[in-house]
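Here the structure is laid out as structure tokens; the discussion comes afterwards.
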Amino acid sequence: MTQTLTRSYDSYETARSVVEALEAEGVSSADISVVGRHASVDDSNAGEGAGIGAALGGAAGLLAGIGMIAIPGIGPVVAAGWLAATAAGAVAGGAVGGLIGAFTSAGHSEEDANYYAETVRRGGTVVSVRTADEDVPAVQAILDGATPINRDERLAEYRAGGWSRFDETAAPYRPPVV
């Protein structure tokens, strides 16, 4: 049997290092997905997915095929893998909840799906891995070794600001200028 393990990270670079560690451990790139924001991705270069994908790819097998998709309520993101393909297919087909639907189809609760989508909207990056039950401890060790975002603390922070769920009709998130 397989499980889907997902963690969110504050930076694309951290997520990329997680993907590289997973691949080094022997996890197939076909079982790894990444959806997130990268500093070089903004609304002005949404049409440059292939070039950005090549630039961000590096040597990692999964990330070599990374591209860019625009997700309602989030804007352009770098994405690769089965989760990204599901979200992109839903967006292209006009289906509601492309990213939420992708997460729930992967076995996540609706609350978790909304959390992951909001985390991406606010600049984070999500890594999801499909893995056999016997490989769960090793995959969890890699995912958790990179200090993922504490889901409960981040949800409390979002809710304190009035958030209740991901809104795909919202404008892309712009962090407050400090």
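Not measured: the values here are computed from a predicted model.
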Heavy-atom closest contact ([X] atom, [Y] atom, distance):
X	Y	value
Gly81	Ser33	C-OG, 3.3 Å
Ala113	Thr104	CB-CG2, 3.7 Å
Thr4	Ala106	OG1-O, 3.1 Å
Asp133	Thr2	OD1-C, 4.2 Å

**Item:** Val35 and Thr125: CA distance, side-chain angles, deciding distance, side-chain contact (heavy atoms from CB on, under 4.5 Å) verdict
**Value:** CA-CA 6 Å; Val35 178; Thr125 300; over 6 Å; no
**Prompt:** Between Tyr116 and His108, how do the two ring planes meet: parallel, tilted or perpendicular, split at 30° and 60°?
**Reply:** perpendicular
**Item:** Side-chain touch Glu23/Val19, heavy atoms, less than 4.5 angstrom
**Value:** yes
**Message:** Within the structure provided, determine whether Val126 and Val34 are in side-chain contact (heavy-atom separation under 4.5 Å).
**Reply:** no
**Request:** Assess whether side-chain contact (heavy atoms from CB on, under 4.5 Å) is satisfied between Phe103 and Asp112, documenting all intermediate values.
**Result:** CA-CA 8 Å; Phe103 283 120; Asp112 283 347; over 6 Å; no
**Request:** Establish, yes or no, whether the cationic atom of Arg16 lies under 6.0 Å from the six-membered ring centre of Tyr9 and within 45° of the ring axis.
**Result:** no
What distance do [X] atom [atom1] and [Y] atom [atom2] have between them, rounded to the nearest 0.5 Å?
X	Y	atom1	atom2	answer
Gln3	Gln140	CD	CD	7.5 Å
Phe166	Glu111	CZ	CD	15.5 Å
Thr131	Leu5	OG1	CG	6.5 Å
Glu118	Ser164	CD	OG	9.5 Å

Does the side chain of [X] come under 3.5 Å of the side chain of [Y] through a donor N or O and an acceptor N or O?
X	Y	value
Thr6	Ser128	yes
Ser8	Tyr115	yes
Thr14	Ser11	yes

Can you tell whether the side chains of [X] and [Y] come within less than 4.0 Å, N to carboxylate O?
X	Y	result
Arg165	Glu110	yes
Arg151	Glu157	no
Asp10	Arg122	no

**Request:** Start with the C-alpha distance between Val27 and Val129, add both sets of side-chain angles, then the distance that settles side-chain contact (heavy atoms from CB on, under 4.5 Å), and finish with yes or no.
**Result:** CA-CA 9 Å; Val27 176; Val129 183; 4.0 Å; yes
**side-chain hydrogen bond (donor to acceptor under 3.5 Å, both in side chains) involving Asp144 - partner list, sequence neighbours excluded** =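 Here the qualifying residues are Arg7.
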**Request:** Show your reasoning for whether side-chain contact (heavy atoms from CB on, under 4.5 Å) applies to Val127 and Leu22.
**Result:** CA-CA 10 Å; Val127 176; Leu22 289 164; 4.2 Å; yes
